[in-house]
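Shown next, in structure tokens, is the structure this report addresses.
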Amino acid sequence: MAIARLVACFVLYTSLGHIPSSFGVILRTTDKTVWANEFESIELTCLIESISTNNPRIEWKKIKNGVPSYVYFQNRIAGDLEHRAQLREPANILIFNTTRSDTAEYRCEVAAIDDQRDFDEILISLAVRVKPVVPRCSVPEAVTVGTSTELRCLENEGFPAPQYRWFHNNEELPQDPKNSPKLVNSSYSINPDTGGLKFRRVRKEDAGEYYCQAKNDAGHAQCPPLMMEVYDVDILGIFLKSFGALIVFVCLTGSICHSLRRGCFHKKGHNENNYNWPAQTDGVDYGDADEGHFRHKSSFII
Ligand SMILES: *[C@@H]1O[C@H](CO)[C@@H](O)[C@H](O)[C@H]1NC(C)=O
Ligand SMILES: *[C@@H]1O[C@H](CO)[C@@H](O)[C@H](O)[C@H]1NC(C)=O
């Protein structure tokens, strides 16, 4: 008996579940979350499951950052979608040429005055994918063997945010060098989210042309290749050290000459002022001698 009653209740319940649809407006969509590629068309579906009213009022609103605006109002496409969209039976909206600014929530609202349940709405979120543009890449021109360095790649337009890949002499670098027999000894690591290519210890073999590619579901773009040279020794360091040594040398000679000259003045210059002139010419000569040392030193570096 109890079971029979339960079944009866269930039958009544399920049939009741269908009844409201006959006297109320009910909307449905095929996709609540819609992805579209920029500059392509997309249709947001607003299907009317049931309705009795002959001429329901249909409206579409766009809600961006919490601010609603009409995109279909009084039987016309309006606002941001004007001249770019069209209403399609029953209440779908077709955007011919999406742009990144169309990324927003869209609400289809249908009012049916002759229905008992005279209003329904449905919210659809649209995300427009944007192709990455050419990323900005930075590759050091010259690095020293054994030092660490980082190559960078950045792209800001793509949506969703792109993933980055690096190429060395036109061959893609695997994310982990351990996965390639050829690169097993390289110390690099790639962060595909940030675009960084880091070397812990640069090797001679790491020299070459590098470029980076930014890629998302909408497409990809890459920067032109840039050359990274790898030197055995730190040329800049040697230059700076030699330059420092040269300055110390010049200062030393300078001060020695100065004290020598002062010594001379003490002996001779005090009584006979005429000696000042030759003494100064002597000073200029010392300067020439310094330059001579400088040339010698610099040619030694080269
Ligand atoms: C789509 O819109 C962009 C500008 O928003 C325009 O450059 C492009 O030509 C349009 N494409 C079509 C197929 O109308
Ligand atoms: C990697 O290093 C090991 C040990 O130094 C060496 O035997 C091997 O030949 C290297 N492999 C490559 C591909 O350079």
Side-chain angles (χ1 to χ4, degrees), residues 31 34-45 60-65 67 69-73 76-88 92-106 124-135 139-140 142-151 155-162 165-190 197-210 214-221 227-233:
D31 267 313
V34 180
W35 282 90
N37 289 339
E38 193 172 36
F39 308 129
E40 289 177 11
S41 67
I42 192 72
E43 187 160 356
L44 308 179
T45 60
W60 276 90
K61 287 188 186 120
K62 172 181 180 176
I63 302 135
K64 184 130 190 170
N65 305 320
V67 182
S69 63
Y70 277 111
V71 288
Y72 185 75
F73 181 61
R76 284 188 54 230
I77 299 284
D80 287 350
L81 292 186
E82 209 168 358
H83 310 304
R84 285 201 298 126
Q86 167 192 330
L87 197 83
R88 299 238 289 207
N92 296 355
I93 208 158
L94 172 68
I95 305 173
F96 303 127
N97 185 2
T98 58
T99 75
R100 59 196 72 188
S101 63
D102 294 338
T103 294
E105 307 233 274
Y106 291 84
I124 298 168
S125 94
L126 171 66
V128 178
R129 295 186 196 98
V130 179
K131 254 187 212 163
V133 295
V134 172
V139 174
V143 286
T144 308
V145 164
T147 59
S148 67
T149 193
E150 182 171 5
L151 285 64
E155 197 280 337
N156 281 328
E157 302 281 318
F159 182 81
R165 306 197 293 172
W166 277 98
F167 293 77
H168 177 225
N169 295 334
N170 285 320
E171 278 182 47
E172 186 182 352
L173 290 173
Q175 207 163 314
D176 185 352
K178 301 281 173 294
N179 294 337
S180 151
K182 220 170 80 186
L183 297 166
V184 69
N185 290 341
S186 188
S187 67
Y188 74 82
S189 60
I190 294 176
L197 165 59
K198 266 188 199 159
F199 288 90
R200 267 183 298 111
R201 290 169 53 83
V202 174
R203 304 172 310 153
K204 207 75 177 131
E205 295 89 331
D206 296 322
E209 282 192 328
Y210 285 88
K215 184 173 194 275
N216 66 11
D217 288 344
H220 59 83
M227 189 71 188
M228 180 173 92
E229 296 197 47
V230 177
Y231 292 104
D232 278 325
V233 282

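Predicted model only: the values in this text are computed from it and were never measured. Remember, it's 1-based here, ligands and their atoms both numbered in the order they're listed. All residue numbers refer to positions in the sequence shown, counting from 1.
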Atom NZ of K215: over 12 foreign heavy atoms under 6.0 Å: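 Atom NZ in K215 is not crowded, with 12 or fewer foreign heavy atoms closer than 6.0 Å.
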NZ (K131) with more than 12 external heavy atoms under 6.0 Å: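 No.
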Atom 4 (C) of ligand 2: any protein heavy atom closer than 4.0 Å: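 False for atom 4 (C) of ligand 2.
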Non-hydrogen protein atom less than 4.0 angstrom from atom 9 (O) of ligand 2: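 Answer no: nothing from the protein, no heavy atom, is under 4.0 Å.
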Closest protein heavy atom to [atom], given as residue, atom name and distance to 0.1 Å:
| atom | result |
| --- | --- |
| atom 13 (C) of ligand 2 | P181 O, 3.6 Å |
| atom 6 (C) of ligand 1 | N97 ND2, 4.1 Å |
| atom 1 (C) of ligand 2 | N185 ND2, 1.5 Å |

Plane angle bin for F159 and W35 - parallel if under 30°, tilted between 30 and 60°, otherwise perpendicular: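 Aromatic pair W35/F159 classed parallel.
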Side-chain heavy atoms of E155 within contact of V133, under 4.5 Å: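 Heavy-atom side-chain distance check passes, below 4.5 Å.
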Any side-chain heavy-atom pair of D206 and V145 under 4.5 Å: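 Contact flag for D206/V145 side chains = no.
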